[in-house]
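This report refers to the structure that appears directly beneath it.
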Amino acid sequence: MLGVIVLLLSISFSHADPRGKPYQRDVICQQFNTMGKDKFTSLALIMNSRKYSNATYEEIEHVVKDIASLASTCCANGAAPNCYDNGANAMSAKSCDPKSPFPKHPGTSTCCIYKGLERKLCLADLKQPPKEFPTYVEPSNEELCVSFKKDPQKFSSRFLYEYSSNFAQTPFLVILKSTENYLKMIAQCCTTQRQAPCFLQQRLNMTPLHLLTVMSNRLCSSFNSYGEEKLKFSASIMLSQKVPSAEFKDVMTVVDQCTQVLAKCCNSITDDCIGNELTVHIQQVCKNLQSKDSRVADCCKKTPIETLHCLHSMSTAEPIKLPALQWPKNDDLCKEDKNQEIDKYLFELARRNTKLPEVFISKLHGSVEGIVKGCCNSADSNTCLNNKGPQLKKEINKYITEGNELCGDYNKYVFTEFKERTTKMFSRRFPKLSASKLEELVEKRTSLASTCCVTNAPPVYCSEMISNGFKINCPQQPCLLQ
């Protein structure tokens with residue numbers, strides 16, 4: 001199984017294995033003949049749905065059909081020695097056709113400039129970014145069974161595509177086990193007389209695995225979107241707002257451990273890495289933080305994966321009384337070795353503004369870090385920081401104030417009332433705006449709030465939305481934060 005997983009990762013627009021083409025063909029054929037065409041095709045469907053998570057079902061179907069056809073034709077007795085290589089080359093050429101039915105990817109045209117092995121290697125490395133907005137909505141039990149009985153094979157294929165593309169960042173063996181269990185449940189419950197009790201019992205049995213699928217996808221998506229260092233900051237901000245009584249060092253201990261787990265396990269295909277490692281991580285979280293907040297202590301009474309889900313679902317705390325926040329000293333900001341002064345400052349800022357979602361603080365982090373680094377790399381860092389420091393602090397305070405106002409109003413009022421208040425606010429600020437321009441501003445602001453003023457808001461999408469729709473006004477001088 002491991003051999004075919006590795007090779008299927010490479011033969012979506014195949015490329016040669018460094019150990020030689022015969023090895024690649026022989027391993028694929030061995031697994032194809034052992035698994036049979038149906039299981040082999042299902043595995044290819046899962047892997048390509050994950051790789052091209054924003055592709056349509058029809059696009060994935062074309063890729064999978066060609067992969068299965070390649071294996072079926074070239075693994076048959078008497079197949080020509082060059083059958084497999086020629087077929088792989090044909091897939092590579094087909095992907096470069098402007099009318100190709102394969103998944104569309106921005107990097108495809110760049111890869112197609114190359115020839116031969118270099119083109120195949122480039123195409124094989126393409127991978128679409130994970131979905132930030134899940135599209136899979138599970139039908140009712142009755143709808144599931146009607147669809148399953150009508151065409152079991154089509155039902156299975158559609159489900160594997162939908163589920164795998166929506167949880168594309170879940171470690172492979174977790175998604176494989178999750179989809180297998182789900183399809184077994186459908187086959188069992190849709191063919192019994194007592195469907196409702198069957199579904200209830202099976203779903204209860206599958207709850208731990210389902211939570212692991214959901215949570216590992218969420219964590220690994222953040223890891224792959226942010227990268228290790230940005231994720232550490234993001235996670236520290238979320239924890240600072242949920243448990244503001246926890247100190248920076250306490251939070252960073254568990255954050256560092258979490259990113260190590262994700263770096264080790266998100267792309268693992270050999271064992272249940274994520275399940276085992278997250279269990280150890282959650283024990284560390286509970287050890288460090290349950291004494292800081294009774295809500296954390298309550299979460300820690302559950303099983304490890306339920307604890308993780310409980311902590312992530314936990315709302316932000318009310319702000320606690322803390323000393324006035326001090327801007328870091330210039331020498332600390334410009335230490336030659338890696339320092340955490342900006343991280344610490346924004347961590348403390350988040351503790352004092354627990355209702356401003358993490359995506360706003362993370363966006364601020366990038367801007368502040370860029371300005372500080374620019375000064376620290378200048379000929380006279382002290383003068384640069386002294387000149388920009390006061391304005392930077394003012395802009396940070398203004399950004400925080402406006403963010404709190406936006407998200408505070410959004411969470412305080414029902415959406416229709418929030419929209420009305422936003423319209424009145426813009427009308428007062430900009431009395432000369434045309435009706436169409438006013439409506440455009442209102443729509444942009446309400447869309448920003450409804451998407452990003454929520455727990456676990458999509459980081460990449462919200463970063464762009466904040467940049468486009470959340471400007472800081474600096475009438476006296478140019479803005480530092482943009």
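The analysis underlying the following values was restricted to heavy atoms, covering all of them including side chains, and did not include hydrogens, waters or symmetry mates.
- Checking side-chain atoms of T307 against main-chain N and O of C299 turns up a donor-acceptor pair under 3.5 Å.
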Name each donor-acceptor pair under 3.5 Å that joins a side chain in residues 256-263 to protein atoms two or more places apart or in another chain, with its distance.
unit_1	atom_1	unit_2	atom_2	d
Q257	OE1	H281	ND1	2.9
T259	OG1	V255	O	3.3
T259	OG1	D256	O	2.9

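- In this structure, F415 has no ring pair (Phe, Tyr, Trp, His ring centres under 6.0 Å) partners at least two apart in sequence or on a different chain.
- Between the K302 side chain and the D298 main chain, no donor and acceptor come within less than 3.5 Å of each other.
- For the two cysteine residues C111 and C96, the thiol sulfurs sit 2.5 Å or further apart.
- With hydrogens and angles disregarded, no donor-acceptor distance shorter than 3.5 Å links the side chain of S178 to the backbone of I175.
- Residue Q169 holds its CD atom at 8.0 Å from SG of C266, rounded to the nearest 0.5 Å.
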Dump the intermediate steps for side chain to side chain contact (heavy atoms under 4.5 Å, CB included) on F347 and M252, then the final yes or no.
CA-CA 10 Å; F347 173 89; M252 291 311 299; 6.0 Å; no
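- In this view, Y114 satisfies the ring pair (Phe, Tyr, Trp, His ring centres under 6.0 Å) rule with no residue, not counting sequence neighbours.
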Between F360 and N353, is a side chain to side chain contact (heavy atoms under 4.5 Å, CB included) present by the stated rule, with each step listed?
CA-CA 11 Å; F360 285 84; N353 295 274; over 6 Å; no
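- Of all heavy-atom pairs between P328 and Y345, the closest is CD-CD1, 3.7 Å.
- Contact check for I396 versus L349: side-chain heavy atoms found under the 4.5 Å cut-off.
- Rounding to the nearest 0.5 Å gives a distance of 5.5 Å between CG of N181 and CE of M206.
- Annotation: side chain to side chain contact (heavy atoms under 4.5 Å, CB included) contacts of S69 (sequence neighbours excluded): T73.
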Check the pair L211, T303 against side chain to side chain contact (heavy atoms under 4.5 Å, CB included), reporting the backbone distance first and the verdict last.
CA-CA 11 Å; L211 287 179; T303 65; over 6 Å; no
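- At a threshold of 4.5 Å between non-hydrogen side-chain atoms, the residues F102 and E59 do not count as touching.
- By the 6.0 Å contact criterion, NZ on K37 is open, its count of non-hydrogen atoms from other residues, nucleotides or ligands being 12 or less.
- No side-chain donor-acceptor contact under 3.5 Å links N217 to the backbone of T213.
- Contact annotation: the side chain of I282 never approaches that of I305 to less than 4.5 Å [non-hydrogen atoms, C-beta and beyond].
- For the residue pair S95 / R119, no side-chain donor-acceptor distance below 3.5 Å is found, with atom types taken as modelled.
- Not one N or O on the side chain of R351 forms a donor-acceptor pair closer than 3.5 Å with the backbone of I320.
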Go through M47 and F172 one step at a time and tell me if the side chain to side chain contact (heavy atoms under 4.5 Å, CB included) criterion holds.
CA-CA 8 Å; M47 302 194 77; F172 180 77; 3.6 Å; yes
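- What you find for A71 and F32 is that their closest heavy atoms are CB-CD1, 3.7 Å.
- The OG atom of S53 lies 12.0 Å from the NZ atom of K51; values are rounded to the nearest 0.5 Å.
- A donor-acceptor contact shorter than 3.5 Å is absent between the side chain of S463 and the backbone of P459.
- Atom SG in C29 sits 8.5 Å away from atom CZ in F40 (nearest 0.5 Å).
- How far SG of C300 is from CZ of R295: 12.5 Å, rounded to the nearest 0.5 Å.
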Salt bridge (Lys or Arg N to Asp or Glu O under 4.0 Å) assessment of E229 paired with K232
CA-CA 5 Å; E229 291 306 315; K232 284 182 183 179; 3.6 Å; yes
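- In this pair, Y163 and F167 present their aromatic rings tilted. The plane angle is within the 30 to 60° band.
- Listed for the S450 side chain is a donor-acceptor partner under 3.5 Å among the backbone atoms of S447.
- Cysteines C452 and C462 place their SG atoms closer than 2.5 Å to one another.
- Although no hydrogens or angles enter the test, the distance criterion places a donor-acceptor pair under 3.5 Å between the side chain of S222 and the main chain of R218.
- Of all non-hydrogen atoms in T354 and A317, the two that sit nearest each other are OG1-O, 2.6 Å.
- Of the possible polar contacts, one joining the K242 side chain to the H312 backbone as a donor-acceptor pair under 3.5 Å is found.
- Summarising the geometry of Y57 relative to S157, their closest heavy-atom pair is OH-CB, 3.3 Å, with the distance given to 0.1 Å.
- K355 meets the side chain to side chain contact (heavy atoms under 4.5 Å, CB included) test with T316, E318; sequence neighbours excluded.
- Considering only heavy atoms from C-beta on, L239 stays 4.5 Å or farther from V285 through its side chain.
- Taking the side chain as every heavy atom from C-beta outward, Y136 and Y161 never approach each other to under 4.5 Å.
- With sequence neighbours left out, S234 forms a side-chain hydrogen bond (donor to acceptor under 3.5 Å, both in side chains) with E358.
- In terms of heavy atoms, T279 sits closest to P304 at CG2-CG, 3.8 Å.
- With rounding to the nearest 0.5 angstrom, the OH atom of Y399 is 10.5 Å from the CG atom of N404.
- Every residue two or more places apart in sequence or in another chain that forms a side-chain hydrogen bond (donor to acceptor under 3.5 Å, both in side chains) with E58 is listed here: R158.
- Evaluation of the ring pair (Phe, Tyr, Trp, His ring centres under 6.0 Å) rule for H365 yields F233 as partners, not counting sequence neighbours.
- Side-chain contact between V64 and I60: present, with at least one pair of heavy atoms (C-beta onward) separated by less than 4.5 Å.
- Remark: K344 does not engage E348 in a salt bridge, criterion side-chain N to carboxylate O under 4.0 Å.
- For the side-chain hydrogen bond (donor to acceptor under 3.5 Å, both in side chains) test, no residue two or more places apart in sequence or in another chain qualifies with K39.
- Although no hydrogens or angles enter the test, the distance criterion places no donor-acceptor pair under 3.5 Å between the side chain of R352 and the main chain of P244.
- Listed here is the closest heavy atom pair of L278 and L308: CD1-CD2, 3.9 Å.
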May I have the list of side-chain donor-acceptor pairs in residues 182-193 shorter than 3.5 Å, sequence neighbours left out?
unit_1	atom_1	unit_2	atom_2	d
Y182	OH	E138	OE2	2.4
T191	OG1	A187	O	2.7
T191	OG1	Q188	O	3.1

Side-chain polar contacts of residues 139-147 - donor-acceptor pairs under 3.5 angstrom, sequence neighbours left out - could you list them?
unit_1	atom_1	unit_2	atom_2	d
S140	OG	E143	N	3.2
S140	OG	E143	OE1	3.2
N141	OD1	R203	NH2	2.7
E143	OE1	S140	N	3.0

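- With sequence neighbours left out, the side chain to side chain contact (heavy atoms under 4.5 Å, CB included) criterion links N276 to D272.
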